[in-house]
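Given the structure is predicted, the values throughout are model-derived calculations rather than measurements. All chains are named by letter (A, B, ...) in the order of the sequence lines, taking the proteins before the strands, and each is independently numbered beginning at 1.
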2 protein chains.
Amino acid sequence: MVNQNEENLNEVFHALANDTRRDMIRMMAEEERTVSELAEPFDMSLAAISKHIKVLERANLIERIVNGRTHICRLKTESLSQATEWLHFYEKFWSKRFDLLESELMKAKRKEH
Amino acid sequence: MVNQNEENLNEVFHALANDTRRDMIRMMAEEERTVSELAEPFDMSLAAISKHIKVLERANLIERIVNGRTHICRLKTESLSQATEWLHFYEKFWSKRFDLLESELMKAKRKEH
DNA sequence: ATTTTGATTAACCATGTAGTTAAATATAAC
DNA sequence: GTTATATTTAACTACATGGTTAATCAAAAT
């Protein structure tokens, strides 16, 4: 029922709705990281970290390069920018509405004098 | 542990991670809506709609004006723009990285000749 | 060849989510 | 004052989430 883009937006926003995962994104934005590097700042089992990474992967927010026994995780921009676009659409809309409201107020003010 | 902004970001992104709620936001972006107006397009009980509205409210994405027995729901921009800012931060970051990469490529190219 | 290391998987738990139906609440209309 | 309307709340279901520990797997180091 739900189309692919919508489905991915669901997954992207869901992935972003968690501190740990947002922190991981921040870390990977600095530079690509291995799983244990990603795990290091968190007081949490590696199994839990592994699951968080999977959520990011499922949302298509990161890619994983398997390099021997270490996995390197790297941000992908596409899904993130899709989410940004969604939000941006409404941002524009609202500023437009705000401008409109403002111009109405100005008109009203001019009439007063 | 988690600060208030982080907590609200969690709730905002969680609220956005659902088609029905994103559709509702689109509807309210056009104009403010009553609960039954919001419910109309969806094949879903009013109780379910009521819960979705609560999620949006908890995320501080909307406000509700109780007007007799009807409730009017209206978007609030603050939380949304907070989320937009979060995403925007990384957008900027990536374009910067992209520019950097590009300039490295240019440098390499110049050396070739 | 054995052990250590980096990471995933499985099984489990408590809690949350997204929906349902039925009952309750409060206002409006007759 | 009874009925109809707009909406919420409660109790329930099925499934997802975010964590745990223990077991597994594959590559690296000894």
Nearest heavy-atom neighbours spanning B:Leu9 and B:Trp86: CD1-CD1, 3.5 Å
Distance below 4.0 Å between A:His14 side-chain N/O and D:dT17 OP1 or OP2: yes
Rounded distance (Å) that lies between atom P of D:dT8 and atom NZ of B:Lys54: 7 Å
Whole-Å distance separating the CG atom of A:Leu38 from the C1' atom of C:dA7: 12 Å
Value in whole Å for how far the C1' atom of D:dA16 lies from CZ of A:Arg58: 9 Å
Whole angstrom value for the distance that separates C1' of D:dT8 from CG of B:Leu56: 16 Å
Side-chain donor or acceptor of B:Asn18 paired with backbone N/O of B:Arg21 under 3.5 Å: yes
A:Asn18 vs D:dG18: side-chain N/O to OP1/OP2 distance below 4.0 Å: yes
Of B:Arg64 and A:Arg21, the one whose closest DNA chain D nucleotide lies more 5': B:Arg64
Whether over 12 other heavy atoms sit under 6.0 Å from A:Glu78 CD: no
Selection from C:dA18, D:dT7, D:dG18 that lies nearest to any side-chain heavy atom of B:Val35: D:dT7
Salt bridge (Lys or Arg N to Asp or Glu O under 4.0 Å) assessment of A:Lys76 paired with A:Glu63: CA-CA 7 Å; A:Lys76 292 170 70 177; A:Glu63 62 184 338; 5.5 Å; no
Mutual orientation of the aromatic rings belonging to B:Phe13 and A:Phe13 [parallel < 30°, tilted 30-60°, perpendicular > 60°]: parallel
Partner of B:Val55 by side chain to side chain contact (heavy atoms under 4.5 Å, CB included), out of B:Glu11, B:His14, B:Met24: B:His14
CD1 on A:Ile53 to CE on A:Met28, rounded to 0.5 Å: 7.0 Å
Between C1' of D:dT7 and CD of B:Glu57, the distance in whole Å: 12 Å
Nearest to side-chain heavy atoms of A:His71, which nucleotide of C:dT20, C:dA7, D:dT9: C:dA7
Under 3.5 Å: donor-acceptor pair, side chain of B:Glu57, backbone of B:Lys54: no
Sugar-phosphate only, base, or nothing, as touched by B:Thr34 at under 4.0 Å among non-hydrogen atoms: sugar-phosphate
Distance in Å, B:Thr84 OG1 paired with A:Leu87 CG, rounded so as to fall on 0.5 Å steps: 4.0 Å
Atom-pair distance (NZ on A:Lys51; C1' on D:dT17), nearest Å: 8 Å
Out of C:dT9, C:dG6, D:dT8, whichever nucleotide has its closest atom nearest the side chain of A:Thr70: C:dG6
Below 4.0 Å: OP1/OP2 of D:dT8 and any side-chain N or O of B:Ser50: yes
Atom-to-atom span, CD1 of B:Ile72 to P of D:dA6 - whole angstrom: 13 Å
Whole angstrom value for the distance that separates P of D:dT7 from CE of B:Met24: 11 Å
Backbone of B:Leu16 reached by a side-chain donor or acceptor of B:Arg22 within 3.5 Å: yes
Under 4.0 Å protein heavy-atom contacts per nucleotide of nucleotides 25-30 of chain D, with B for base, S for backbone only and - for none: --BS--
DNA chain D-proximal residues of residues 39-48 of chain A, any heavy atom under 4.0 Å: A:Met44, A:Ser45, A:Ala47, A:Ala48
